Trainee: 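Just passing along the structure, written as structure tokens.
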Amino acid sequence: MSKLRVAVLGAKGRIGSEAVRAVEAAEDLELVAALGRGDKLETLAEQGAQVAVELTTPASVMGNLDFCVRHGIHAVVGTTGWTEDRLGQLRGWLADFPGTGVLIAPNFSLGAVLTMKFAQLAAPYFESVEVVELHHPNKADAPSGTATRTAQLIAAAREQAGSAPQPDATATALDGARGADVDGIPVHSVRLRGLLAHQEVLLGGEGETLTVRHDSLHHSSFMPGILLAARRVPTVPGLTFGLEHFLDLG
Ligand SMILES: NC(=O)C1=CN([C@@H]2O[C@H](COP(=O)(O)OP(=O)(O)OC[C@H]3O[C@@H](n4cnc5c(N)ncnc54)[C@H](O)[C@@H]3O)[C@@H](O)[C@H]2O)C=CC1
Ligand SMILES: O=C(O)C1=N[C@H](C(=O)O)C[C@H](O)C1
């Protein structure tokens, strides 16, 4: 059986370099390109890449995906910075190339995907919900893509359940003291040497709290999800947001 031809974009980065090793080690995948900043995207077409794993920066991801979609190269995207505007633009490109699949995963680790699911499930049953994400200090964006997505899912679950607004008597606060507001859910970002990627969802009700916590201790935690997505994305045309849809947890 022929191997799936995979390229990695952002191949010299923290997660990209781990992805290069993971693709090389997978018996059913062939690494046909490993591109860093400044390398020519044409290499993807020249090398016959079928799937591009995009792990770059919010500033680079749209240009890379524009190229991939126009060349019928499926994409698995871990890069953060997704807004409704960007998603709309990407959907527009995909509409012109209907056979092409793009998966955007705010987080490729199974534990993080389950954290989001558990938080979404629990959110309507508690009066208060806040998200704390903790990352290495080299991370460029805050809040994390995972925390943003988690808060959006929590907010949607609470709206659907008709939950009351969260109790909060704060009358004065220093800027930032109550975190960022993502769809009404406070999200707090910690940047600390020694950490990699961690998240807690704190839920509070009368006389009880529930904490859902996940820790990525090494970039290897993201690799099974990336490999699964690379294998699956050619069979799922259009835009998919969230690895849970490829895990049948959707
Ligand atoms: N979805 C997930 O599970 C995960 C997502 N991420 C996200 O992935 C992205 C990268 O994270 P890190 O590896 O920590 O950052 P990093 O800064 O270590 O790596 C990014 C790399 O992309 C390169 N790059 C920039 N523009 C490029 C272009 N046009 N073509 C090719 N390479 C380009 C940079 O030179 C750098 O080597 C971030 O947005 C981060 O939040 C990180 C870990 C897990
Ligand atoms: O930059 C990181 O490291 C990570 N980025 C993603 C995010 O912003 O959620 C995924 C994970 O948290 C690691």
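Order of appearance sets the numbers: ligands from 1, and atoms from 1 within every ligand. Bear in mind that the values here come from a model prediction, so they are computed numbers and not experimental data.
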Trainee: Nearest protein heavy-atom contact for atom 7 (C) of ligand 2: which residue, which atom, what distance?
Mentor: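 Of every protein heavy atom, Gly145 N, 3.4 Å lies nearest to atom 7 (C) of ligand 2.
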Trainee: Check the pair Gln50 / Ile73 against side chain to side chain contact (heavy atoms under 4.5 Å, CB included), numbers first and verdict last.
Mentor: CA-CA 5 Å; Gln50 294 167 286; Ile73 300 169; over 6 Å; no
Trainee: Can you tell me how the ring of His71 sits relative to the ring of Phe67, calling it parallel under 30°, perpendicular over 60° and tilted otherwise?
Mentor: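 Judged by the thresholds at 30° and 60°, the geometry between His71 and Phe67 is parallel.
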Trainee: Over all heavy atoms of both residues, which pair between Leu4 and Pro234 is shortest? Give the atoms and the distance, please.
Mentor: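 Nearest pair, atom of Leu4 first, then Pro234: CD1-CG, 4.3 Å.
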Trainee: Compare every heavy atom of Gln199 with every heavy atom of Thr115, then report the nearest pair and how far apart it is.
Mentor: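 Reported closest heavy-atom pair: CG2-NE2, 4.2 Å.
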Trainee: With heavy atoms under 4.0 Å as the rule, classify the contact between Pro106 and ligand 2 as side chain, backbone, both or neither.
Mentor: backbone
Trainee: Can you list the ligand 2 atoms lying under 4.0 Å from a non-hydrogen atom of Ala197?
Mentor: 11 (C), 12 (O), 13 (C)
Trainee: Can Arg213 and Asp215 be said to form a salt bridge (charged side-chain N to carboxylate O under 4.0 Å, His left out), step by step?
Mentor: CA-CA 7 Å; Arg213 180 175 172 114; Asp215 299 276; 2.6 Å; yes
Trainee: Looking only at non-hydrogen atoms, which of Ile15, Thr79, Asp39, Leu196 approaches atom 43 (C) of ligand 1 most closely?
Mentor: Ile15
Trainee: I need the nearest protein heavy-atom contact for atom 5 (C) of ligand 1: residue, atom name and distance, please.
Mentor: Gly78 O, 3.1 Å
Trainee: Heavy-atom distances under 4.0 Å decide this one: backbone, side chain, both or neither, for Gln199 against ligand 2?
Mentor: neither
Trainee: Relative to ligand 2, is Thr146 under 4.0 angstrom through side chain, backbone, both or neither, heavy atoms considered?
Mentor: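 Both backbone and side chain.
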Trainee: I'd like to know if the side chain of Lys12 reaches the main chain of Ser17, judged simply by a donor and an acceptor atom lying under 3.5 Å from each other, with no hydrogens or angles considered.
Mentor: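 No; judged by distance alone, with no hydrogens or angles, the pair does not exist.
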Trainee: Which heavy atom of the protein is the closest neighbour of atom 1 (O) of ligand 2, given with residue, atom name and distance?
Mentor: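 Answer, as residue, atom name and distance: Lys139 NZ, 2.8 Å.
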Trainee: Just to confirm my output: which protein heavy-atom neighbour is closest to atom 3 (O) of ligand 2, and how far is it?
Mentor: His136 NE2, 2.9 Å
Trainee: Would you say Phe246 and Val113 make side-chain contact, with heavy atoms under 4.5 Å?
Mentor: no
Trainee: Can you tell which part of Ser144 has a heavy atom less than 4.0 Å from ligand 2: side chain, backbone, both or neither?
Mentor: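 Both backbone and side chain.
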Trainee: Heavy atoms, side chains only, cut-off 4.5 Å: are Val61 and Val77 in contact?
Mentor: yes
Trainee: Is ligand 1 under 4.0 Å from a heavy atom in the side chain of Phe222, in the backbone, in both, or in neither?
Mentor: side chain
Trainee: For Ala105 and ligand 1, answer yes if some heavy atom of the residue is under 4.0 Å from a ligand atom, otherwise no.
Mentor: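 Yes.
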Trainee: In the protein, what heavy atom is nearest to atom 12 (O) of ligand 2, and what distance, to one decimal place, separates them?
Mentor: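 Among all protein heavy atoms, the one nearest atom 12 (O) of ligand 2 is His135 NE2, 2.6 Å.
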Trainee: For residues Pro58 and Thr79, report the shortest heavy-atom separation together with the two atoms involved.
Mentor: N-CG2, 3.6 Å
Trainee: For ligand 1, is any non-hydrogen atom under 4.0 Å from Leu35's backbone (N, CA, C, O), its side chain (CB onward), both, or neither?
Mentor: backbone
